[in-house]
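Below you'll find the structure, written out as structure tokens, and then a few comments.
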Amino acid sequence: MPLAPANQSQLVRSSQKDEYYRTSLRNNANEAFQTLAGSKRWLDWRREIELLSDLAYYGLTTFSGYQTLGEEYVNIIQVDPTKRQIPSWARRGLFVFCHAYFPYLLGKVLVCLENELEGGQESRSGVGRRQAASGLWSLESWLRRWMLRAVGLLSESQRKACLPAVFVLQQSLTLLHRLHVALFYISGSFYHLSKRAAGISYLRVTGPNSDDGTIRSTYRLLGAVSLLQLLITVCLQLNNFRQRQRARQEWKLYRNLSPQRTQSLRSRVSRCILCLEERRHSTSTPCGHLFCWECITEWCNTKAECPLCREKFQPHRLVYLRNYS
């Protein structure tokens with residue numbers, strides 16, 4: 001029978017089934033390692049165990065030229081851009097690398113870079129202790145040493161400029177993933193970025209489906225709604241970013257005021273630097289800075305740290321100040 005391109009619902013169900021079996025394999029591997037090596041070593045190597053589990057799953061299926069359990073479940077097969085043959089081992093290897101190893105490596109790099117940029121001298125003094133805890137030959141230890149040398153070449157002003165760039169990059173990766181999913185709903189191909197990079201698409205081996213047109217139309221509508229939602233999210237994040245920049249600038253100006261002017265402008269202190277209005281329902285962070293209850297709780301939903309001094313804390317440590325004017 002003629003093969004037809006797989007529709008969105010088949011690709012989504014296949015991915016969900018693969019995720020189920022990957023999660024099961026990860027859990028079993030974590031449980032076995034924790035039993036054999038103890039909880040402390042398991043916490044140090046948990047992400048590496050999950051990486052090895054993913055590499056084992058895709059190495060025994062996709063890289064070896066077989067269907068994954070999810071693909072077998074919905075009767076679809078991988079094909080190269082010509083739609084006439086299965087992908088070569090190079091394409092399959094590129095997919096496994098981009099899908100399993102690259103997100104792990106990118107996450108490690110961004111976390112190490114952010115820690116080194118935020119840590120400063122304290123980070124440098126603690127490198128030896130962290131290396132001893134994680135092992136001198138581990139990837140994380142090597143990345144920390146490499147990041148330490150790279151950050152050491154930057155001046156203090158350059159580090160402060162790079163730190164927001166790292167945060168923007170982390171947020172951009174999430175938005176890029178959401179954009180790619182929305183485009184998949186519209187086009188019906190490449191559910192994962194890794195498959196788009198490797199040029200791997202799918203054909204279904206079942207007979208013709210009379211509902212295929214309806215399914216594709218429904219997913220196109222879902223894709224359009226997803227794009228609209230993504231646009232609104234980006235606008236809100238940009239507005240939030242501008243408000244935080246104005247708050248930081250106002251705080252710097254206030255901090256540089258002379259004591260006489262500070263005393264004369266005491267009434268301005270009661271303003272919340274997040275909303276730039278008079279503080280309502282004053283709430284204190286563990287470091288002692290005051291904000292509106294609504295402003296600081298909304299801030300903590302995105303980043304659990306003080307907007308002024310950047311001290312990290314858990315949201316439950318916020319203190320609502322009653323009868324405080």
Side-chain angles (χ1 to χ4, degrees), residues 6 10-74 76-81 85-113 131 133-147 169-170 173-174 176-177 180-181 184 189-202:
Q10 291 172 319
L11 297 179
V12 170
R13 285 200 301 269
S14 172
S15 177
Q16 291 174 341
K17 204 69 172 180
D18 283 331
E19 184 64 27
Y20 169 79
Y21 286 113
R22 283 174 56 197
T23 302
S24 178
L25 183 60
R26 283 181 174 187
N27 293 339
N28 291 333
N30 281 324
E31 183 179 355
F33 187 87
Q34 184 177 9
T35 302
L36 295 175
S39 298
K40 184 178 183 302
R41 289 188 177 276
W42 171 72
L43 289 173
D44 292 337
W45 294 96
R46 178 172 56 88
R47 296 192 179 277
E48 284 72 18
I49 295 171
E50 293 178 352
L51 171 64
L52 291 177
S53 300
D54 291 344
L55 291 176
Y57 181 79
Y58 287 109
L60 295 173
T61 54
T62 298
F63 188 71
S64 300
Y66 300 107
Q67 289 176 292
T68 66
L69 296 176
E71 294 166 0
E72 185 179 358
Y73 177 73
V74 295
I76 58 177
I77 56 173
Q78 296 181 359
V79 291
D80 65 4
Q85 58 185 3
I86 64 173
S88 63
W89 67 267
R91 288 186 182 274
R92 299 196 301 267
L94 177 61
F95 161 70
V96 174
F97 173 82
C98 295
H99 194 71
Y101 187 74
F102 183 74
Y104 163 82
L105 182 61
L106 182 61
K108 286 285 186 183
V109 169
L110 291 179
V111 169
C112 289
L113 180 58
Q131 287 179 354
S134 60
L136 293 175
W137 54 274
S138 67
L139 174 63
E140 186 173 1
S141 173
W142 181 85
L143 283 175
R144 280 171 177 163
R145 291 196 299 269
W146 186 81
M147 288 295 175
L169 178 59
Q170 291 172 334
L173 292 175
T174 303
L176 176 62
H177 175 72
H180 185 265
V181 172
F184 159 75
S189 59
F190 302 120
Y191 184 46
H192 299 103
L193 279 167
S194 51
K195 287 190 172 69
R196 183 179 294 274
I200 296 177
S201 55
Y202 284 95

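Just so you know, these numbers come straight off a predicted model, no measurement behind them. Quick note: numbers below take in every heavy atom, side chains included, and nothing from hydrogens, waters or symmetry partners.
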From [X] atom [atom1] to [Y] atom [atom2], the distance as rounded to the nearest 0.5 Å:
X	Y	atom1	atom2	answer
Y21	T61	OH	OG1	12.5 Å
E19	T23	CD	OG1	4.0 Å
L106	L169	CG	CG	7.0 Å
T62	R92	OG1	CZ	8.5 Å
L52	W45	CG	CH2	9.5 Å

Which residues satisfy the side chain to side chain contact (heavy atoms under 4.5 Å, CB included) test with [X], sequence neighbours excluded?
X	value
Y20	none
E72	Q67, L69
S24	N28
L113	L117, M147, V151, V166

Looking only at heavy atoms, what is the nearest atom pair of [X] and [Y], with distance?
X	Y	answer
P103	C98	CD-O, 3.1 Å
G199	P81	O-CD, 3.2 Å
G70	K17	CA-CB, 3.6 Å
V96	L55	CG1-CD2, 3.9 Å
F190	I200	CE2-O, 3.3 Å
S14	V74	CB-CG2, 3.8 Å

Test side-chain hydrogen bond (donor to acceptor under 3.5 Å, both in side chains) applied to [X] - qualifying residues, sequence neighbours left out:
X	answer
R26	D54
T68	D18
S39	Q34
R196	H180

Counting only heavy atoms not in Q170, do more than 12 fall under 6.0 Å of its CD?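 More than 12 within 6.0 Å, yes.
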
Exercise. Look at atom OH of Y73 and say whether more than 12 heavy atoms of other residues, nucleotides or ligands are closer to it than 6.0 Å.
Key: no

Parallel, tilted or perpendicular: rings of F95 and Y58 (30°, 60°) =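 Correct class here is perpendicular.
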
From the list E50, E48, R47, side chain to side chain donor-acceptor pair (under 3.5 Å) with Y104 holds only for E48

Among all residues two or more places apart in sequence or in another chain, which pass the ring pair (Phe, Tyr, Trp, His ring centres under 6.0 Å) test with [X]?
X	answer
Y191	F184
Y202	none
Y57	none
H192	H99

Subject >> Within-4.5 Å side-chain heavy-atom neighbours: E71 and I76 >> reply: yes

Do any N or O atoms from the side chain of S53 and from the backbone of I49 form a donor-acceptor pair under 3.5 angstrom?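 Yes, because the side chain of S53 sits within donor-acceptor range (under 3.5 Å) of the backbone of I49.
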
